Amino acid sequence: MLTGKVALVTGAGRGIGRQIALTLAEYGADVIVNYNGSRERAEEVVREIETMGRKAAAVQCSVADFTACGKMIEEMLAEFGHIDILVNNAGITKDNLMIKMSEADFDAVIETNLKGTFNTMKHMYRPFLKQKAGRIINLSSVTGLLGNAGQANYAASKAGVIGLTKSAARELAGRNITVNAVAPGYIDTDMTQAMTDAAKEAVLSQIPLKRAGTPEDIAETVAFLASDKASYITGQVISVDGGMAI
Ligand code: NDP
């Protein structure tokens, strides 16, 4: 399904990003595994992809750093020849009720989740336009659709990702480049492990399908959007949330 394609996945050393990298490789893509702090885990992902017979490389870069994103993309284009699929998965939370939320925690979440998505997209615009082909898949969240008490910074960043996605989809549609967002619900990763048992129970009770999602649930949707099978889908937000946002 993705043979001959090269994918860049941000934050791919662990969690959902790791699974996206592995699934894209299972479908035949070569994968650039971006990480920020998790070097060893990213290198493990690279080894797993290489054992599938695909090419992979781990590359450190904070997506919040515009210049570093440009350098990463330039280097990876030189190494892989082309990049066909960009998955903006890197994300952080710094939860607190607004009354207690610091300006620094608001800024940090916007810088990584929203500006980070802009940063990589911006640097991939020209290569994609030149290729007259490309796939961009951005990770939003059910929180970006519904809001959530204690996550105003995160909700704003993920709602912002939707606006960015739809605008870029309109700008790029004429060149055969699709831009979509995936909005996960409650997925079992380090990010959600940090929640208290009571908070986890409260979320689970709001999921019509009565279970937490898995990184595989998200990765399969991303792989579909990255494939030729999804060539007539752009500017959409696909919820993968067990029905949370119904
Ligand atoms: P994790 O906390 O498990 O992993 C976060 C990932 O983001 C890590 O790979 C981390 O890399 C990377 N990352 C963080 N900051 C940066 C940065 N500045 N530059 C590059 N990479 C960075 O999160 P999940 O896997 O759960 O989440 C993945 C995405 O899915 C996020 O965008 C999240 O908002 C979204 N999402 C998750 C949900 C869930 O329930 N888990 C629900 C809805 C959306 P490193 O370790 O190398 O620093």
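Every number for a ligand or one of its atoms is a count from 1 in the order of the listing. As the structure is a computational prediction, the values presented were derived from the model and not from experiment.
Of the heavy atoms in Thr192, only side-chain atoms (C-beta onward) come closer than 4.0 Å to ligand 1.
With values rounded to the nearest 0.5 angstrom, Ile218 atom CD1 is found 3.5 Å from Ile187 atom CD1. Between the CE atom in Met1 and the CD atom in Glu26 there is a gap of 10.5 Å [rounded to 0.5 Å]. A distance of 8.0 Å separates CD1 in Ile92 from CE in Met191, rounded to the nearest 0.5 Å. In this structure, Phe224 CZ and Ile137 CD1 are separated by 10.5 Å, a value rounded to the nearest 0.5 Å. Here Met72 contributes atom CE and Cys61 contributes atom SG; the two are 4.0 Å apart, rounded to the nearest 0.5 Å.
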side-chain hydrogen bond (donor to acceptor under 3.5 Å, both in side chains) for Tyr35 and Glu40? Distances and angles first, verdict last.
CA-CA 10 Å; Tyr35 66 94; Glu40 283 178 17; over 6 Å; no

Just do the side-chain hydrogen bond (donor to acceptor under 3.5 Å, both in side chains) check on Ser231 and Asp228 with the steps written out, would you?
CA-CA 5 Å; Ser231 61; Asp228 288 342; over 6 Å; no

Working for side-chain hydrogen bond (donor to acceptor under 3.5 Å, both in side chains), residues Thr165 and Asn138
CA-CA 7 Å; Thr165 300; Asn138 296 327; 3.0 Å; yes

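In this comparison of Ala194, Gly185, Ser140, Cys69, the heavy atom closest to atom 38 (C) of ligand 1 sits on Gly185. Here atom 48 (O) of ligand 1 lies nearest to Gly37 when heavy atoms of Gly37, Ala68, Ala90 are compared. If you check each of Gln19, Met191, Glu111, Glu40 against atom 2 (O) of ligand 1, the one with the closest non-hydrogen atom is Met191. One option in Asn36, Asn119, Ile218 has a heavy atom closer to atom 11 (O) of ligand 1 than any other, and that option is Asn36.
In terms of hydrophobic clustering, with Ile, Leu, Val, Met, Phe, Trp and Tyr side chains grouped at heavy-atom distances under 4.5 Å, Phe66 and Met124 are assigned to a common cluster. The cluster map of Ile, Leu, Val, Met, Phe, Trp and Tyr, joined by side-chain heavy atoms under 4.5 Å apart, puts Tyr125 and Phe118 in the same cluster. Val87 and Ile238 fall within a single hydrophobic cluster, where Ile, Leu, Val, Met, Phe, Trp and Tyr are joined by side-chain heavy atoms under 4.5 Å apart, directly or via other members.
Shortest contact from atom 29 (C) of ligand 1 to any protein heavy atom: Asn89 O, 3.1 Å. Of all protein heavy atoms, the one lying nearest to atom 7 (O) of ligand 1 is Gly91 N, 3.4 Å. When hydrogens are left out, the protein atom nearest atom 9 (O) of ligand 1 is Gly11 O, 2.9 Å; that is the closest non-hydrogen contact. With hydrogens left out, the protein atom closest to atom 18 (N) of ligand 1 is Ser62 OG, 3.0 Å, a heavy atom. The protein atom (non-hydrogen) at minimum distance from atom 10 (C) of ligand 1 is Arg14 NH2, 3.8 Å. In this structure, atom 25 (O) of ligand 1 lies nearest to the protein heavy atom Ile16 N, 2.8 Å.
The shortest separation from a heavy atom of Ala42 to ligand 1 is not under 4.0 Å, leaving the residue out of contact. Ligand 1 does not have Ala183 within reach: every non-hydrogen atom of the residue lies 4.0 Å or more from it. Residue Lys158 places a heavy atom less than 4.0 Å from ligand 1. At least one heavy atom of Cys61 lies less than 4.0 angstrom from ligand 1.
For ligand 1, the polar-atom distance check finds no N/O of Tyr35 at less than 3.5 Å from any of the ligand's N/O atoms. Considering backbone and side-chain atoms alike, Pro184 places every N or O at 3.5 Å or more from each N or O of ligand 1. For the pair Tyr186 and ligand 1, the shortest N or O to N or O distance does not fall below 3.5 Å. Between Thr189 and ligand 1, at least one pair of N/O atoms sits closer than 3.5 Å. An N or O contact shorter than 3.5 Å links Val63 to ligand 1 by distance. Among the atoms of Ile187, some N or O lies under 3.5 angstrom from an N or O of ligand 1. Considering backbone and side-chain N/O atoms, Ile92 never comes within less than 3.5 Å of an N/O atom of ligand 1. Checking only distances, Leu139 never comes within under 3.5 Å of ligand 1, N or O to N or O.
Exactly one residue among Asn34, Thr10, Asn88 makes a side chain to side chain donor-acceptor pair (under 3.5 Å) with Thr120. That residue is Asn88.
A distance-only check finds a donor-acceptor pair linking the side chain of Ser140 to the backbone of Lys158 [under 3.5 Å]. Listed for the Arg54 side chain is a donor-acceptor partner under 3.5 Å among the backbone atoms of Gly28.
Below 4.0 Å from some heavy atom of Tyr154 lie the following atoms of ligand 1, by number and element: 33 (C), 34 (O), 35 (C), 36 (N), 43 (C), 44 (C). Below 4.0 Å from some heavy atom of Asn34 lie the following atoms of ligand 1, by number and element: 20 (C), 21 (N). Less than 4.0 angstrom separates some heavy atom of Asp190 from each of these atoms of ligand 1: 3 (O).
Of all non-hydrogen atoms in Thr93 and Val109, the two that sit nearest each other are C-CG2, 4.2 Å.
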